[in-house]
2 protein chains.
Amino acid sequence: MTTLTDVAARAGVSASTVSYVISGKRPISQGTRARVMRAVAELGYHPNAGARALASHQSNLIAMMVPLRSDMYMPVMMEIAMAVAAVARQGGRDVLLMTGDEGSAGVRRVAASGLADAVILMDVELDDQRIPVLRETAIPSVLIGRPQAPGELTCVDLDFGATGAACVDHLADLGHRRIALIGADAGVYHRGTGFAARTLDGFGRRARQRGLEARHFPCDGTFEGTARLVEQILEGRAAVTGLVVQNENALGPLLHLLRQYGRAVPEDVSVVAICPEQLALQSMPQLTAVAVPVRELGRRAVGLAAAQLAGLPTEGLSLIPPRLVVRGSTGRPTVATPSPRRAAPLVEA
Amino acid sequence: MTTLTDVAARAGVSASTVSYVISGKRPISQGTRARVMRAVAELGYHPNAGARALASHQSNLIAMMVPLRSDMYMPVMMEIAMAVAAVARQGGRDVLLMTGDEGSAGVRRVAASGLADAVILMDVELDDQRIPVLRETAIPSVLIGRPQAPGELTCVDLDFGATGAACVDHLADLGHRRIALIGADAGVYHRGTGFAARTLDGFGRRARQRGLEARHFPCDGTFEGTARLVEQILEGRAAVTGLVVQNENALGPLLHLLRQYGRAVPEDVSVVAICPEQLALQSMPQLTAVAVPVRELGRRAVGLAAAQLAGLPTEGLSLIPPRLVVRGSTGRPTVATPSPRRAAPLVEA
DNA sequence: TTGAAAGCGCTAACAT
DNA sequence: ATGTTAGCGCTTTCAA
């Protein structure tokens, strides 16, 4: 095993000089640097991580807690995790993967042991038990999601309020007058992570502003549950022509059911999804959707953690604006909606 | 920050005694142990990870390399990763998440720096560049998947040969005489990770043994590509009645196309999938399938890594036998197959 | 611009 | 059953 001392000996300098060449924390002459670098390369030297951590009080590790089971879709978690890992490496850091079931004890453990320099928490709940530990230990941290009382904590999230509004705008622009939001399970709105409530809020607000008739249906995501909704939504003369869907599990059944009921998408019903991009792409037709910006979330989380480690203030909420991508599942309503008081503004799709 | 010395002082013992109480590496009297444990609890002591690693030459970290983009389905990766993390924790170890794009340099880095004690490689390719580094550094390692020349390396994998055979058996038992395998992209069979070839081999062998007429169709997973296949498969008088599908992307289009062609599943065509369990469950009908045993793969990988760290020999291949779960997508062929020489054995589904 | 040396907090001989 | 002590390999003052 090669150590600093080996490299120093080979380069004919002191150990501290080698250390400084590697860290770049003090000016080194051209010649010395060259000889040291050469020795490093020749010996295939890699600084010992433990020794480094001990001496510098920095592990260069960022802990990331991922929920074992979650309301969130697994691939989304994975993509965020991978983005975090990739971006962290670019900053010379590694990522520790922790399962959410370690809970607050896990956060305390990595903080107190100095295993990690910072913590990224995914799928944060409204009243998350890990948050007090974040404050106690004062470890640099970033939350992906929004707790009830963020306080001075740093959070990153998709702007779900704006997302709901953007979906409404898109449908309204196309000329839809009667729309509905098929949302998360009813339980989520109560205990949930808050994203559902914020989407609903943005959806309702904007619908009112634009004078649309809007309804909201929580959905458990099962086939049967979705089937019940679809009947409600399609029946009657005042049938809905535009659907916003924020429920990955319901999407498959929904599209199937619409087909079964003889409603073509987008001719009879337009569908806007709020879902992982992959899902939007693999559906038939491909879905007009606002995707969870996984890479951007990961990137920002690491960036903010790094900023805190550098002593910069990062408090507050970093909201990512939604990007609605128009695909094949939305279009103008072809059946004239009954008694439209005035025509809605029509825009090219 | 609390250190060993603090705890020792509080408990009125020497630092080494505290260390031994914690590690359990030598007998300690009841009284001493109790006082030490109490001090630990009162002070909220957590051993410093860096110091520990430096002194013990063990980081208690297992590095896991996950491909950034892969032939494998993302959720599968995620579930394996989470299983690895959870099981590793039970053994007192943490998991380092690395992206596959770090390649062999990444393996060398964590091995040489002592950052990780062992490495778990996912989605190993037939001729993987990281494998030589595994040998050079002699770091304990487990491969999930099978390289061309495993040699003395430890590998874990689903037994894809047996999987192909099991699917054939199931269809044959139901009375199907003409079956087909819809497989991975043609490219995968050439450069691929080998799982595709082994499945095909098991499929073909068993079909021959049982006297079935079997065909094989590589598939690119696109809608168009799948559509072309479906036509070939369904046309003619000698149409296939049983399908084995080892292609996550093709499953959705396939089911859709069968419906479109007026073929009911399982009445007209039986479908056996080799896919993540979630996919089998969320399809309509739910699919008879062999699932990738994600948790078991993770569990075994960590177990084998731990065994190596304990100095036990683990060389060779650990194959997980397939478990075919019968669901709604398979049944007896209702249309008598033309001129069956002798009846195939019929078994209750 | 470089070197010498004192730790960082823990483990593991070596003692007793 | 417990204490003493010498490092582990690096960073970082302090000196020159």
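Note on naming: letters A, B, ... go to the chains in the order of the sequence lines (proteins, then strands), and numbering restarts at 1 for each one.
- In this structure, N48(B) places its CG atom 6 Å from P of dC10(C), rounding to the nearest Å.
- Residue L54(B) contributes atom CG, which lies 13 Å from atom P of dC8(C) at whole-angstrom precision.
- Residue Y20(A) places none of its side-chain N or O atoms closer than 4.0 Å to OP1 or OP2 of dT13(D).
- For dG3(D), the OP1/OP2 oxygens have a side-chain nitrogen or oxygen of S14(B) closer than 4.0 Å.
- For dA4(C), the base has a donor-acceptor partner in the side chain of S16(A) [N/O atoms by modelled type, under 3.5 angstrom].
- Dashed line: the shortest gap from a side-chain N or O of S56(B) to OP1 or OP2 of dA12(C) is not under 4.0 Å.
- Counting any heavy atom pair closer than 4.0 Å across all strands shown, S23(A) reaches no nucleic acid atom.
- Look at R52(B) and you won't find any side-chain N or O under 4.0 angstrom from OP1 or OP2 of dG9(C).
- In this structure, CD of Q58(A) is placed 11 Å from P of dT11(D), rounded to the nearest angstrom.
- Here the P atom of nucleotide dC8(C) and the CE atom of M1(B) are 11 Å apart, to the nearest Å.
- A salt bridge links R109(A) to D94(B): at least one charged side-chain nitrogen sits closer than 4.0 Å to a carboxylate oxygen.
- Within the 4.5 Å cutoff, the side chain of M1(B) has no heavy atoms near those of the H46(B) side chain.
- For H57(B), whose side chain is taken as the heavy atoms from C-beta onward, the closest listed nucleotide among dC8(D), dT2(C), dG9(C) is dC8(D).
- Each of R35(B) and A51(A) was matched to the nucleotide of DNA chain D holding its nearest heavy atom; the match closer to the 5' end belongs to R35(B).
- Looking at which nucleotide of DNA chain C each of G50(B) and T17(A) is closest to, the 5′-most match is held by T17(A).
- If you measure from atom NE2 of H46(B) to atom P of dG9(C), you get 16 Å, rounded to the nearest angstrom.
- Using a distance-only test at 3.5 Å, with no hydrogens or angles considered, no donor-acceptor pair links the side chain of R93(A) to the main chain of A88(A).
- The base of dT2(D) is paired with the side chain of R26(B) by a donor and an acceptor separated by under 3.5 Å.
- In this model, no side-chain donor or acceptor of S29(A) finds a partner on the base of dT1(C) within 3.5 Å.
- In this structure, I22(A) atom CD1 and dC10(D) atom C1' are separated by 10 Å, rounded to whole Å.
- Nearest to the side-chain atoms of A55(B) among the listed nucleotides dG9(C), dT2(C), dG9(D) stands dG9(C).
- Phosphate contact (OP1/OP2 of dT12(D), side-chain N/O of K25(A), threshold under 4.0 Å): present.
- Counting only residues at least two apart or on different chains, the salt bridge (charged side-chain N to carboxylate O under 4.0 Å, His left out) pairs with a member in residues 7-29 of chain A are R10(A)-E42(A).
- Classification of R130(B) and E125(B) as a salt-bridged pair fails, no side-chain N sitting under 4.0 Å from a carboxylate O.
- Of the candidate nucleotides dC10(C), dA1(D), dG9(D), dA1(D) has the atom nearest to the side chain of P27(B).
- Side-chain atoms of M64(A) and L96(A), non-hydrogen and from C-beta on, never get closer than 4.5 Å to each other.
- Of the listed nucleotides (dT11(C), dT13(D), dT11(D)), dT11(C) has the atom at the smallest distance from the side chain of L4(B).
- We find that CG of L115(A) is positioned 14 Å from C1' of dG9(C), with the value rounded to whole Å.
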